[in-house]
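One structure is given here, and the rest of the page talks about it.
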Number of protein chains: 2
Amino acid sequence: MSTRDTGTEQLIKDTAKHLFFAEGKLHATTQEIADAAGVNRTLVNYYFRSRDILFDQVFTEAQEGFSSTLDEVFRSSMPFKEKIRNLIHVFIDETTKYPYRQLFIITEMNRHVVFTAKKSRAKEVKIFLAEIQAEMDQGNVRQMEPKQFIMNLFALMAYPLITAPLHQALFGMNDDEYAKLMEERKELIFETIFR
Amino acid sequence: MSTRDTGTEQLIKDTAKHLFFAEGKLHATTQEIADAAGVNRTLVNYYFRSRDILFDQVFTEAQEGFSSTLDEVFRSSMPFKEKIRNLIHVFIDETTKYPYRQLFIITEMNRHVVFTAKKSRAKEVKIFLAEIQAEMDQGNVRQMEPKQFIMNLFALMAYPLITAPLHQALFGMNDDEYAKLMEERKELIFETIFR
DNA sequence: CTTTTGTTTAACAATTTTGTTAAACTCAAA
DNA sequence: TTTGAGTTTAACAAAATTGTTAAACAAAAG
């Protein structure tokens, strides 16, 4: 027995995630991943057998990471407003670390048209939609299709982070200035959502 | 004299754009582009010399297309609210056709870190920001950093289109149902922006 | 009709990227 | 210390992608 487990397998995977999700290098080759991880490229094949398998694993874990961020909110039993406030903080902090994760998911979905339908998360969404509807009926949120409410919320959170390079160029801002803008957004989004 | 101009050069470029911007095939090879255009791959090299040059051209035209969509709004002299209403329709219709154009721009920006700073569009933006500030001072829009207003606006418009596959999976909707949701959004965004 | 110029193609070459093999290495356990 | 399983490496092979060349083709100009 033993499996020395030097952490190399995890290192490679984490490095790949960093390149894909944090740096937005969606085209990264196995060589680039190995270099960034400071290991020999052969290890990528040793641990993952093929590039595709590594991609699949990263893709799956990206979906799971994204989903579990949402579940944390969907399943919580806080009052609605607190739940949303919590989501905004968690989601923005997470997306600041991994701004390109959603892009990676979408890009990969468009490559192999196959396994688009993973664990559907349909039940949790349905419950959350009903909860939103209830809040609207109580007059706490402006009346609209609850799906639109969800899209508004995630749009306001995610888009400025996904498109950060574009906006920084447009506004002529550096990283720190932009980060400050994002921090201020947390409260702004809350107010926008609840009018 | 002559240049027979069979339109093949334009066909290749348009096909590339369609693959990149409409289908989200951000990794498409020259062979895939040629196949989709129904021409021999050698033509890609004949007309564009190299893959990179084709990419650069497409990238530049993507930026220009995106910018000119905005300029149409920035430079217009309509009343503010009408200007925004117009933008929402133009931008959503455009982004519905080319949902992945912004993703392509960002992805390419992250590849060759070089030419990030193109024509800066700084002047137009500054004018638009001032205009927003004026509207806020008049009480027509809730007070906030004008940059946040712009980001809110574009977030609400673009994000649900960029992430359409994700949301369709999440909500269990087909293309038509989702398109209907997007159409309804136009008015909703207008109301959300102007509280 | 012939020439000219631009277009298209097939065959080939070079490069890049990926996958495989066998041998060297490392550390824990016997 | 020797064994042995897992780890790492270099060298090699295969595949995929890109780039080049020369020749065939098509249409307008002379």
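Just so it is clear: chains get the letters A, B, ... in the order the sequence lines come, proteins before strands, and each one is counted from 1. Bear in mind that the values here come from a model prediction, so they are computed numbers and not experimental data.
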Within a strict 4.5 Å, meaning less than it, do heavy atoms of the B/H167 and B/Y159 side chains meet? yes

Taking side chain as C-beta onward, heavy atoms only, is A/I84 less than 4.5 Å from A/F194? yes

Distance, rounded to the nearest Å, where [X] contributes [atom1] and [N] contributes [atom2]:
X: A/R41; N: D/dA11; atom1: CZ; atom2: C1'; value: 11 Å
X: A/E9; N: D/dG6; atom1: CD; atom2: C1'; value: 12 Å
X: A/R51; N: D/dA14; atom1: CZ; atom2: C1'; value: 16 Å
X: A/H27; N: C/dT16; atom1: NE2; atom2: P; value: 17 Å
X: A/Y46; N: C/dA23; atom1: OH; atom2: P; value: 17 Å
X: B/I33; N: D/dG19; atom1: CD1; atom2: P; value: 11 Å
X: B/F48; N: D/dT20; atom1: CZ; atom2: P; value: 16 Å
X: A/N40; N: D/dT7; atom1: CG; atom2: C1'; value: 11 Å

Charged tip of B/R49 within 45° of B/Y47 ring normal and under 6.0 Å: no

Counting only side-chain nitrogens and oxygens, does [X] get under 4.0 Å of the OP1 or OP2 atom of [N]?
X: B/T30; N: D/dT18; value: yes
X: B/N45; N: D/dG19; value: yes
X: A/T8; N: D/dT7; value: no

Indicate, with a heavy-atom threshold strictly under 4.0 Å, whether B/Y47 touches base, sugar-phosphate, or nothing. sugar-phosphate

Pick base, sugar-phosphate or nothing for B/T42, based on heavy-atom distances below 4.0 Å to the nucleic acid. base

Checking side-chain polar atoms at under 3.5 Å, does B/Y100 have a donor or acceptor matched by the opposite partner on A/N110? yes

